[in-house]
Amino acid sequence: MGFSHTLVAVRDLSPDEAAARLGRSPSGETTDLETATTGETPGWCVSAPIDGWTFLVDKGTGLLTDEDGLARLSAGTRLLTFFVEEHVMAFGTTCWTDGAYAWEVLAQDGDLYVIGDPPPFGELVSGFREGPGVVAALDEVTAPPPEMWEELGFDGNARPSARAAALGLAVRRAEPAEETSYHQPAVEIFARLTGHVYDRAGALHDVELQVLGPALVTPEETVR
């Protein structure tokens with residue numbers, strides 16, 4: 001089946017504030033990272049700050065795709081998301097700054113795509129290509145065919161390429177550095193910025209996580 005989960009690392013935000021911005025609060029239950037990234041823990045979890053980063057853990061992709069929630073979480077600060085879907089070998093990292101999407105790295109189907117300009121990324125790759133063909137290839141791996149959008153209820157504006165175009169961000173295909181797998185830069189950039197590597201033991205593996213209860217209030221009420 002493969003391993004899958006989402007992490008969100010928020011800079012300089014307390015666990016209680018992070019939860020409140022999502023309209024949630026601690027349930028009183030605690031767990032660890034291994035349990036939180038499997039089907040054994042219900043809902044999302046939050047960590048105590050680790051070197052200035054508060055981590056939210058989701059065993060699925062609900063948090064990753066909640067763009068309103070990510071905007072609220074990053075208001076006045078910065079966050080990084082990381083997701084892994086090992087059964088299809090898909091990996092990705094995105095950055096939101098002060099409520100706005102800033103950049104993204106996506107590795108899927110043997111290719112590595114970059115939207116915007118991630119800070120240390122040039123050190124992790126050997127070169128870039130861009131153009132209409134790159135955008136079309138990105139759409140192919142991140143969205144259903146256009147003729148199926150209506151049937152599936154898919155919003156074409158939700159495509160990474162459409163968001164990049166709306167924000168004036170470049171879409172490029174990157175070539176990993178020599179002797180580096182295609183997905184490693186997507187993993188490494190999150191690790192360099194937050195200190196966490198998803199498949200290696202680290203500080204996040206050692207802390208107790210608080211399980212968050214279901215949403216009880218309108219999230220917009222928690223951010224003024």
Contacts of Glu175 meeting side-chain hydrogen bond (donor to acceptor under 3.5 Å, both in side chains) (sequence neighbours excluded), chain-then-number -> Arg129
Closest heavy-atom pair, Trp103 versus Leu193, reported as atoms and distance to 0.1 Å, is CZ2-CD1, 3.9 Å
Residues at least two apart in sequence or cross-chain that pass salt bridge (Lys or Arg N to Asp or Glu O under 4.0 Å) with Asp139, listed by chain then number, are Arg159
Nearest heavy-atom approach of Tyr182 to Pro176 is CA-CG, 3.5 Å
Item checked: Co-membership, hydrophobic cluster, residues Phe154 and Val141, 4.5 Å side-chain -> no
Between Gly156 and Ala162 the two heavy atoms that sit nearest each other are O-CB, 3.6 Å
Notebook entry, point to check: Heavy-atom distance under 4.5 Å between the side chains of Val8 and Trp44, does that happen here?
Noted result: no
Here the gap from Leu212 atom CG to Leu56 atom CG, rounded to the nearest 0.5 Å, amounts to 6.5 Å
Please check if the side chain of Glu104 supplies one atom and the backbone of Pro160 the other of a donor-acceptor pair under 3.5 Å. no
Q. Do the ring centers of Tyr198 and Phe91 come within less than 6.0 Å of each other?
A. yes
Q. Within a strict 4.5 Å, meaning less than it, do heavy atoms of the Pro26 and Asp16 side chains meet?
A. yes
Self-check item: Chi angles and distances behind the side chain to side chain contact (heavy atoms under 4.5 Å, CB included) call for Leu124, Thr180
Solution: CA-CA 9 Å; Leu124 304 175; Thr180 300; over 6 Å; no
In short, Thr142 meets Leu138 closest at the heavy-atom pair OG1-O, 2.8 Å
For Ile189 and Ala186, the nearest pair of non-hydrogen atoms, with its separation, is CG2-O, 3.6 Å
Under 3.5 Å, side-chain donor or acceptor atoms of residues 113-123 against the rest of the protein: list the pairs with distances, not counting sequence neighbours.
unit_1 : atom_1 : unit_2 : atom_2 : d
Tyr113 : OH     : Arg173 : NH2    : 3.1
Glu123 : OE1    : Arg192 : NH1    : 2.6

Sorted by chain and residue number, the side-chain hydrogen bond (donor to acceptor under 3.5 Å, both in side chains) partners of Thr94 (sequence neighbours excluded) come out as Thr81
Residue set satisfying salt bridge (Lys or Arg N to Asp or Glu O under 4.0 Å) with Glu67, at least two apart, ordered chain then number -> Arg163
CG (Leu73) and CZ (Arg21) are apart, to the nearest 0.5 Å, by 7.0 Å
TODO: Determine yes or no for a side-chain-to-main-chain donor-acceptor pair under 3.5 angstrom, with Asp98 supplying the side chain and Gly76 the backbone.
DONE: yes
Derivation of the side chain to side chain contact (heavy atoms under 4.5 Å, CB included) call for Leu209 and Leu204: CA-CA 9 Å; Leu209 302 178; Leu204 187 56; 4.2 Å; yes
Leu13 and Ala18 have their tightest heavy-atom pair at CD2-CA, 3.9 Å
Check your understanding: Is it true that atom CG of Asp206 has more than 12 heavy atoms of other residues, nucleotides or ligands lying nearer than 6.0 Å?
Key -> yes
inquiry  = Please check this pair: side chain of Thr93 against backbone of Phe82, looking for a donor-acceptor N/O pair closer than 3.5 Å.
reply    = no
So NE2 of His5 and OG1 of Thr38: to nearest 0.5 Å the spacing works out to 11.5 Å
- Do Pro15 and Pro49 come within less than 4.5 Å of each other through their side chains, counting heavy atoms only? yes
Value for CG (Leu7) from CG (Leu79), rounded to nearest 0.5 Å, stands at 12.0 Å
- Is a donor on one side and an acceptor on the other found under 3.5 Å between the side chain of Ser74 and the backbone of Gly99? yes
(Q) With a 4.5 Å cut-off on side-chain heavy-atom distances among I, L, V, M, F, W and Y, is there a chain of contacts connecting Phe55 to Val211? (A) no
Spell out, as yes or no, whether a donor-acceptor pair under 3.5 Å connects the side chain of Arg24 to the backbone of Gly213. yes
OG1 (Thr61) and CD (Glu85) are apart, to the nearest 0.5 Å, by 6.5 Å
In short, salt bridge (Lys or Arg N to Asp or Glu O under 4.0 Å) pairs touching residues 140-151 with sequence neighbours left out are none
NE2 of His196 to CH2 of Trp53, rounded to nearest 0.5 Å, is 13.0 Å
Side chains of Leu33 and Val207 in contact at under 4.5 Å (non-hydrogen atoms): no
